[in-house]
**Student:** 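Dumping the structure here so I can ask a few things about it.
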Amino acid sequence: MKDLITSSIRDYFEARHADAGLFEGENPLSIQLDNPRDRSHGDLACNVAMASSKKLGMPPRALAEELVTWCNEKMEGRATAEVAGPGFINFRLAADEVHAALASILKLGADYGRSDAGGGEKINLEFVSANPTGPAVVVSARAAAFGSTLARLLEFSGHAVTSEYFLNDAGGQVRTLGASLLARWKETQGEPLVIPENGYHGLYLKEMAESLRAEQVEPWLALSDSEAVEAFARHAIHNLVGQVRVQMDAFRTPFDVWFSEKSLHDTGKLEDALAYLEEKQLTYEKDGAVWFKTSDYGDEKDRVVLKSDGVAAYLLADVAYALDKFGRGFDKAIYVLGPDHHSHAARLKAVAEAIGAGKDWLEVILLQWVTLVENGETVAMSKRAGEFVTMEDLVNDVGVDVARTYFLTRRAESHLDFDLGLAREQSSKSPIFYAQYATARIAGVLRKAEEGGLAAAADADLSLLSAPEELALIRELERFPELIAASAKAREPNRLFQFLNEVATLFHRFYHEHQIVSEDAAQSTARLALCRATRQVLGNGLDLMGVSAPERM
RNA sequence: GCGCCCAUAGCUCAGCUGGAUAGAGCGCAUGCCUCCGGAGCAUGAGGUCGCAGGUUCGAAUCCUGCUGGGCGUACCA
């Protein structure tokens, strides 16, 4: 339908104003159709008359009048146009068009909303990637909810997505972790507890140490100090990564690839990366270290890739990892980073350019902090000090549906206050309940209809749906595919949440105004069809969010 | 100092990549179930969109400069 309107408008300009060259040059005119905020302005609104009036030397309203006449003829009653305000052209779809949209929702079912907007673009989406030096914390839960939903949105809108988790299972922090566990082990053996400098104080290591068996540890202790620390570290990492995997799974956040940083070290990829940079003459030596000229690509200063002690700096792993990803043929790599890593954005961009992928190949999304709030008090967290609410605690406390939704209500850039008290309440105050309540309510109505023998009637006469509340609901449902595509393109899953709430609002209003199951079988059947379509859209949307659509609550 | 992010109703936040009278939830006030789920619906009060300029037919949205807050600014990862 949109295509018909757009082509009608374009035809007009080509027939009457071809010499103005509106569609050429550096600022070609694009014909936009928006959903007006105010429904009394029709179904679709267009601003071309205002946008082009200056170039054509015509007053916007006069131009709009001509366009309206032209379009009304072209569209043959499938939609009607009228001029409004300063020169908007408002289009109203014929009822048949609206009903056809409803029929199409019912026909497509679980695939309704799917599109090929992404054109099969191959995207690597990396998210969470938290250091496996302790249990996953709340920021990871936010990243998980955000990333997994974005992955599903991208997939649904026609992209080929690989969800990836990068494990920092190498480097100094891992050794520190091993040393901390070793200290905890010694504690279980009656020795005084001496946690190393900058070590990890969390009780999870105490518990882990207590679950170690003596015969397991003996061979480790027989090794040199350094190798012993390494052995404890390996155990700790293995254990913690296992926990993270289980939690991500329980949080409905599947990953296609768990990428080990250590594997880059073990397979010589770091040396390859360094050789690559050297070959491209992007490195130099200074103060005994090897530097990478990231400032050539917009970073504020150069960075060390090989430390003066000969050990690779983390950035080299970034280069090796980016080379690996690029080599796997992705058209785009999205990095979802935590707020503590935002200084990395510039140098990651530099890496992308240096390896010849181009700076648009690598996209950084920065998630902001989550502050847990309870009774107006901020709940403090620090991984090293061992005070934190883990992701597991959070999920046990409020449930997966509530936790996921809470994170999906906000844009990535906004700091998020997570109110534990509110989330725990399981009431209408909780953000997800409104939409879920709608699905449960619909399920209730459908059960009722089934008891009355109405369920089987598939050939509903949709033209019986003509009340304002009915049409408004259908038109909102019709926006779903477009919303999905836009939400994926903007990397803003929160729009999906907003949309589902809008659908729920319109459904509740419709429900309140109209008796669905009544004496009038034809009318009932039509309204039941609308209920099914609404449930389908809510269900598809909630599914993308990784949230359940309950039959009863 | 420099860099990134944020600033919208009493509170928490949306605002669809420049559109018409800036919205929702919570809280507050008032109505609506003999009827399919009242965990719902409707109405009302509440705004200098941080401040000042600029671009535009048109700005909460884009640009510049301020103010205030968060984070970062390692040969840590």
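By convention in this document, chain letters (A, B, ...) are assigned in the order of the sequence lines, proteins followed by strands, and residues within each chain are numbered from 1.
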**Student:** Among B/rA42, B/rA77, B/rU12, which is the nearest nucleotide to the side chain of A/Asn131?
**Tutor:**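 Of the options given, the side chain of A/Asn131 lies nearest B/rA77.
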**Student:** Strictly under 4.0 angstrom, non-hydrogen atoms only: write out the protein contact profile of nucleotides 25-31 of chain B, one letter per nucleotide from the 5' end, B, S or -.
**Tutor:** -SS----
**Student:** Does either side chain, that of A/His514 or that of A/Glu469, offer a donor lying less than 3.5 Å from an acceptor on the other one?
**Tutor:**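 Side chains of A/His514 and A/Glu469: pair found under 3.5 Å.
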**Student:** B/rG15, OP1 or OP2 - any side-chain N/O from A/Asn494 closer than 4.0 Å?
**Tutor:**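 For B/rG15, OP1 or OP2 has a side-chain N or O of A/Asn494 closer than 4.0 Å.
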**Student:** Nearest of B/rU17, B/rC16, B/rG72 to any side-chain atom of A/Lys489?
**Tutor:**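 So the side chain of A/Lys489 is nearest to B/rU17.
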**Student:** Can a donor-acceptor pair under 3.5 Å be found between the side-chain atoms of A/Asn47 and the base atoms of B/rG19?
**Tutor:**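 Per atom types, the contact qualifies.
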**Student:** Among B/rA74, B/rC35, B/rA77, which nucleotide sits nearest the side chain of A/Lys301?
**Tutor:**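 Minimum distance to the A/Lys301 side chain belongs to B/rA74.
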**Student:** Counting the atoms with a prime plus P, OP1 and OP2 as sugar-phosphate, which does A/Ala490 contact under 4.0 Å by heavy atoms, base, sugar-phosphate, or nothing?
**Tutor:**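 Nothing, no heavy atom under 4.0 Å.
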**Student:** Partner lookup for B/rC28, please. Criteria are Watson-Crick or G-U wobble with both distances under 3.5 angstrom; report none if nothing qualifies.
**Tutor:**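 B/rG44 is the nucleotide pairing with B/rC28.
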**Student:** With both distances kept under 3.5 Å, what pairs with B/rG1, Watson-Crick or G-U wobble?
**Tutor:**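 When the pairing criteria are applied, B/rU73 turns out to be the nucleotide that pairs with B/rG1.
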**Student:** Between B/rA77, B/rA39, B/rG37, which nucleotide has the shortest distance from any of its atoms to the side chain of A/Phe433?
**Tutor:**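 The answer is B/rA39, which lies nearest to the side chain.
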**Student:** With nearest nucleotides of RNA chain B determined for A/Gly85 and A/Ser343 from heavy-atom distances, which residue corresponds to the more 5′ nucleotide?
**Tutor:**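 Result of the comparison: A/Gly85.
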**Student:** Checking all strands, does A/Ala84 fall into the base, sugar-phosphate, or nothing category for heavy-atom contacts under 4.0 angstrom?
**Tutor:**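 Touches a base.
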**Student:** Students often get this wrong, so: under 4.0 angstrom with heavy atoms, is A/Ala317 touching a base, only sugar-phosphate, or nothing?
**Tutor:**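 Nothing, no heavy atom under 4.0 Å.
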**Student:** Once you apply a heavy-atom cut-off of 4.0 Å, does A/Glu261 come out as touching a base, just sugar-phosphate, or nothing?
**Tutor:**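 Sugar-phosphate, backbone atoms only, no base.
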**Student:** Distance check: side-chain N/O of A/Arg552 vs OP1/OP2 of B/rG37, anything under 4.0 Å?
**Tutor:**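 For B/rG37, neither OP1 nor OP2 has a side-chain N or O of A/Arg552 closer than 4.0 Å.
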**Student:** Evaluate the ring planes of A/Phe259 and A/Phe166, with Trp represented by its six-membered ring, and classify them as parallel (under 30°), tilted (30 to 60°) or perpendicular (over 60°).
**Tutor:**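 The arrangement is parallel - the two ring planes meet at less than 30°.
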**Student:** A/Val304 has a side chain; which of B/rG37, B/rG70, B/rC75 sits nearest to it?
**Tutor:**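 Within the option list, the nearest is B/rC75.
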**Student:** Determine, for nucleotides 4-11 of chain B in 5'-to-3' order, which nucleotides have protein heavy atoms under 4.0 Å from the base (write B), from only the sugar-phosphate (write S), or from neither (write -).
**Tutor:** BSS-----
**Student:** Below 6.0 angstrom between ring centroids: does that apply to A/Phe480 and A/Phe499?
**Tutor:**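 Yes, close enough.
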**Student:** Any donor-acceptor pair under 3.5 Å joining the side chain of A/Asn90 to the base of B/rA20?
**Tutor:**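 Indeed there is one.
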**Student:** Between B/rC75, B/rG37, B/rG3, which one does the side chain of A/Glu300 approach most closely?
**Tutor:**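 In terms of side-chain proximity for A/Glu300, the closest of B/rC75, B/rG37, B/rG3 is B/rG3.
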**Student:** For B/rA7, give the paired nucleotide (Watson-Crick: N1-N3 plus N6-O4 or O6-N4; G-U: N1-O2 and O6-N3; both under 3.5 Å), or none.
**Tutor:**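 Answer to the pairing question: B/rU67, which forms a Watson-Crick or G-U pair with B/rA7.
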**Student:** Using both distances under 3.5 Å as the test, list the Watson-Crick or G-U wobble partner of B/rG58, or none.
**Tutor:**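 Base-paired to nothing in any strand shown.
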**Student:** On RNA chain B, nearest-nucleotide positions of A/Asn35 versus A/Asn168: which is more 5'?
**Tutor:**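 Whichever sits nearer the 5' end wins; that is A/Asn35.
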**Student:** Quick check for you: among B/rG19, B/rG37, B/rA77, whose closest atom lies nearest to any side-chain atom of A/Phe88?
**Tutor:**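 Of the options given, the side chain of A/Phe88 lies nearest B/rG19.
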**Student:** If I pick the C1' atom on B/rG70 and the same atom on B/rG10, what distance separates them, to the nearest angstrom?
**Tutor:**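 One C1' to the other, the span is 23 Å.
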**Student:** For A/Lys489, does the NZ atom sit with more than 12 other heavy atoms under 6.0 Å from it, leaving out its own atoms?
**Tutor:**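 For A/Lys489, atom NZ is not crowded (no more than 12 foreign heavy atoms under 6.0 Å).
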**Student:** Going by a 90° cut-off around 0, is B/rC57 syn or anti?
**Tutor:**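 The base of B/rC57 is oriented anti (glycosidic angle more than 90° from 0).
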**Student:** Rounding to an integer number of angstrom, what distance separates B/rC71 and B/rA29 when you compare their P atoms?
**Tutor:**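 The answer is 38 Å between these two P atoms.
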**Student:** At less than 3.5 Å, do the side-chain atoms of A/His508 and the base atoms of B/rA42 form a donor-acceptor pair?
**Tutor:**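 Side chain to base: no pair present.
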**Student:** Could you tell me the Watson-Crick or G-U partner of B/rC16, where both distances fall under 3.5 Å? Say none if there is no partner.
**Tutor:**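 Base-paired to nothing in any strand shown.
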**Student:** State whether A/Arg535 and A/Glu551 are salt-bridged, where the test is any N-O pair (Lys NZ or Arg NE/NH1/NH2 against Asp/Glu carboxylate O) under 4.0 Å.
**Tutor:**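 A salt bridge links A/Arg535 with A/Glu551.
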**Student:** Run the salt-bridge test on A/Glu478 and A/Arg475 with the 4.0 Å N-O cut-off and return the result as yes or no.
**Tutor:**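 No, this pair does not count.
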**Student:** Using a strict cut-off of less than 4.0 Å between a Lys/Arg side-chain nitrogen and an Asp/Glu carboxylate oxygen, indicate whether A/Lys269 and A/Asp324 qualify as a salt bridge.
**Tutor:**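 Salt bridge present between A/Lys269 and A/Asp324.
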**Student:** With a 3.5 Å cut-off and no angle check, do the side chains of A/Ser518 and A/Gln515 form a donor-acceptor pair?
**Tutor:**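 No pair is found: no donor N or O on one side chain lies under 3.5 Å from an acceptor on the other.
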**Student:** Return the nearest nucleotide to the side chain of A/Tyr511; candidates are B/rG19, B/rA14, B/rG37.
**Tutor:**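 Of all the options, the side chain of A/Tyr511 is nearest to B/rG37.
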**Student:** Without hydrogens or angle criteria, can the side chains of A/Asn494 and A/Gln498 be said to hold a donor-acceptor pair below 3.5 Å?
**Tutor:**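 No - no donor-acceptor pair under 3.5 Å links their side chains.
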**Student:** With a non-hydrogen cut-off below 4.0 angstrom, is A/Gly172 in contact with a base, only sugar-phosphate, or nothing?
**Tutor:**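 Sugar-phosphate, no base atom in range.
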**Student:** Whether the A/Gln436 and A/Asp401 side chains hold a donor-acceptor pair (N or O, under 3.5 Å, no angle test) is what I'd like checked.
**Tutor:**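 Yes, a side-chain donor-acceptor pair sits under 3.5 Å.
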